Amino acid sequence: MKTYLLDILNKYNRFSENLDVKTILCNKSWLVFNDTGNKELYIFQENGNLIASVNGNVHNGNWQYISANKSIILSFKEQSYMLHPSFFDKTIFALQQDGTNKYAFMIDEKQSQSFQPKSLTELNSYFENIERKRIEEEQRRIRLQVEQEKANEQRRIEEEHREQIKRQEERVQQYLNQKRLEYWEKNQDYILQNDLSYKQCCSRENIWIIIKRTSIIGTIISFLLMIIINNPEDKTFILVGIFNGIFLFLTILAFFISAEVSSSEYKEAIKQNILNGDLDDYIFKSNYQKINLAEDTFESIDDFETRISKKNKRVEKRKQERESKRKQEIEDNKRKIEERKKKEKEWEEYKNQREKNDFDRIEQHRIEREKREKEERILREQENIIKEKEKKEQELREQELREREERKKWLKEEAFNIQCKLNSNKNANELAKQISLDIKYLNAQYDKDLIFKVNWICPNHTYKEVSLIINNGNDTSLYEHLAILGSQIIELKEVKSVIRVTLRLVWLDIPVYKIILIDKNENT
């Protein structure tokens with residue numbers, strides 16, 4: 001089985017972990033891709049046997065799927081391979097050799113008639129085509145998703161717009177209903193007093209109320225008389241009975257007719273017509289309070305509707321007049337716009353002529369301005385260069401200062417380490433810590449000479465010997481028989497890299513050392 005480098009497969013892995021490798025491999029014959037022209041055929045059996053045929057020469061082997069690392073082991077007499085599934089579709093199965101970027105490719109023999117690559121270029125084109133289709137599908141999906149989001153957003157905006165319009169209509173309707181109700185409550189008496197049909201209805205209702213009350217009273221009185229007389233053969237009893245029947249009939253008739261003739265229902269109908277907008281021309285005029293309702297009284301509801309229709313026609317006529325006036329204004333505006341454009345054109349020609357005459361002066365001014373801007377730009381660049389140089393010098397100075405401080409710290413630590421090594425025991429180290437030893441430079445800058453003063457103070461003990469040792473490279477200076485408190489001026493002609501100043505004293509036969517290290521550039 002040959003393996004090949006194919007860069008496009010390194011960009012993605014298309015093998016799903018949910019696929020069953022055994023189901024894919026078994027019960028199929030796989031053509032192994034190679035560029036030698038040989039027909040290499042693999043047959044994977046469910047019992048783990050592997051039949052490999054190269055141009056009809058059969059080799060037996062074994063195969064095994066390891067789920068721990070998702071790998072396939074192919075074993076032959078000569079060698080074995082560990083491969084990892086990398087790509088699978090209905091045509092091709094790509095396996096990556098473990099630890100490499102090389103791949104083996106197996107093609108389902110049933111699909112070999114439609115796809116049987118002869119070179120690695122054809123394989124690469126196959127995968128590029130798959131990737132291109134995937135990208136196109138992804139782009140199409142994204143495009144559809146974007147279009148769907150736009151459509152959803154458009155629907156949302158339209159829904160919000162409809163809701164807004166609905167809320168506005170509701171507010172307008174509420175306002176109209178409120179104004180109509182206020183108008184009715186304020187003017188209902190005046191409207192009803194000037195409505196002849198309402199007056200007639202009230203008159204008929206009052207008449208039938210009187211009849212109803214009279215008949216009820218007559219019925220009760222005649223009934224009581226009949227009880228008092230209580231003699232059916234008496235003519236008076238018979239006459240009273242007749243009257244009682246008449247009054248009872250009138251009572252029943254009055255109840256039915258008065259139920260049909262109701263001024264309150266007619267009043268409610270007028271109110272409802274007003275609330276439905278029949279008097280909006282009166283209600284919503286700015287001067288509707290000044291309208292003389294006595295001149296606009298109506299005989300009935302039909303008459304009222306006729307008058308409203310006439311009012312609507314007059315309103316429509318006024319609308320047409322306003323529209324005609326608006327069109328006339330539009331025509332006037334167009335004419336004014338044409339005149340303004342003509343003037344603007346004349347002004348533009350005048351400006352062009354003036355610009356042509358002033359071209360030389362403007363060009364000279366432009367040249368001078370560009371020259372001045374160029375000089376200013378050069379000046380700014382020079383200033384920026386100077387500032388950048390100063391910034392770098394400042395950074396160098398800060399860097400040198402940090403390095404010098406780090407050098408001083410290192411010299412101090414190094415001196416202390418040497419001092420601890422020379423002192424033989426803990427008591428000597430403790431005594432060395434109590435000794436004061438410092439350096440004072442007498443020349444701030446120097447070329448080769450260095451003059452400094454060494455000051456020391458020793459604790460008040462009995463010492464056998466106090467001496468000062470100056471090590472300048474290989475040169476050594478020794479100052480003996482010194483006091484426990486004193487100073488010494490040192491002058492060095494040629495200064496080496498590091499100078500070691502050592503104060504040595506003997507205490508109880510124990511040598512004690514106090515050391516300072518000096519850098520040759522420390523005092524600069």
Side-chain angles (χ1 to χ4, degrees), residues 150-200 266-354:
K150 287 183 180 179
N152 292 337
E153 181 67 16
Q154 183 65 27
R155 285 196 295 272
R156 185 186 65 80
I157 293 173
E158 292 175 356
E159 185 66 25
E160 290 180 355
H161 184 64
R162 286 195 293 270
E163 289 293 330
Q164 185 178 5
I165 293 175
K166 183 178 179 181
R167 289 194 296 270
Q168 290 177 352
E169 291 177 350
E170 290 177 354
R171 288 197 294 268
V172 170
Q173 189 63 39
Q174 290 176 0
Y175 174 77
L176 293 175
N177 293 336
Q178 181 181 358
K179 289 299 181 181
R180 291 165 182 167
L181 184 61
E182 290 177 357
Y183 179 81
W184 166 253
E185 291 176 351
K186 184 177 181 180
N187 300 281
Q188 61 174 324
D189 294 337
Y190 191 78
I191 293 172
L192 296 175
Q193 289 175 4
N194 292 275
D195 192 318
L196 297 179
S197 298
Y198 178 74
K199 290 181 178 180
Q200 293 175 359
Y266 189 82
K267 177 181 177 181
E268 187 64 27
I270 296 175
K271 177 182 177 182
Q272 192 62 40
N273 289 334
I274 293 175
L275 294 179
N276 291 335
D278 291 344
L279 287 180
D280 283 357
D281 289 341
Y282 298 121
I283 296 173
F284 296 103
K285 283 183 180 180
S286 58
N287 58 345
Y288 75 92
Q289 295 88 348
K290 299 179 181 180
I291 296 176
N292 187 4
L293 295 177
E295 298 178 358
D296 290 331
T297 56
F298 45 88
E299 299 294 334
S300 63
I301 296 299
D302 294 335
D303 183 38
F304 174 75
E305 291 177 351
T306 303
R307 292 177 184 272
I308 291 298
S309 176
K310 291 180 180 180
K311 291 289 184 182
N312 291 336
K313 289 181 180 179
R314 289 196 296 270
V315 170
E316 186 66 25
K317 183 177 179 181
R318 286 195 295 270
K319 287 182 179 179
Q320 292 177 358
E321 292 175 353
R322 288 196 298 269
E323 184 67 21
S324 177
K325 185 177 179 181
R326 188 178 67 82
K327 289 181 179 180
Q328 184 64 34
E329 291 176 352
I330 291 173
E331 294 295 329
D332 294 339
N333 291 333
K334 287 182 179 180
R335 186 174 62 256
K336 291 179 181 178
I337 291 171
E338 292 295 331
E339 293 176 355
R340 186 168 62 251
K341 286 183 178 180
K342 184 178 179 181
K343 291 181 180 180
E344 289 177 353
K345 184 177 180 180
E346 293 175 353
W347 171 249
E348 191 67 26
E349 292 176 355
Y350 169 74
K351 286 197 299 181
N352 292 334
Q353 184 66 29
R354 185 181 63 184

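Treat the numbers as computed from the prediction; the structure is a model and nothing was measured.
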Going from [atom1] on [X] to [atom2] on [Y], what distance comes out if it is rounded to the nearest 0.5 angstrom?
X	Y	atom1	atom2	value
Glu169	Arg167	CD	CZ	11.5 Å
Lys341	Lys336	NZ	NZ	15.5 Å
Arg318	Gln320	CZ	CD	11.5 Å

Residues in side-chain contact (heavy atoms from CB on, under 4.5 Å) contact with [X], at least two apart in sequence or another chain:
X	answer
Gln328	Asp332
Glu323	Arg326, Lys327
Lys325	Glu329

Those residues at least two apart in sequence (or on a different chain) that pass side chain to side chain donor-acceptor pair (under 3.5 Å) with Gln173 are Asn177
The side chain to side chain donor-acceptor pair (under 3.5 Å) partners of Gln178 (sequence neighbours excluded) come to Glu182
side-chain hydrogen bond (donor to acceptor under 3.5 Å, both in side chains) pairs touching residues 153-165, sequence neighbours excluded, are Asn152-Arg155, Glu153-Arg156, Gln154-Glu158, Arg156-Glu160, Glu159-Arg162
Exercise. Would a 4.5 Å heavy-atom cut-off, applied to side chains only, mark Glu338 and Lys342 as touching?
Worked result: no
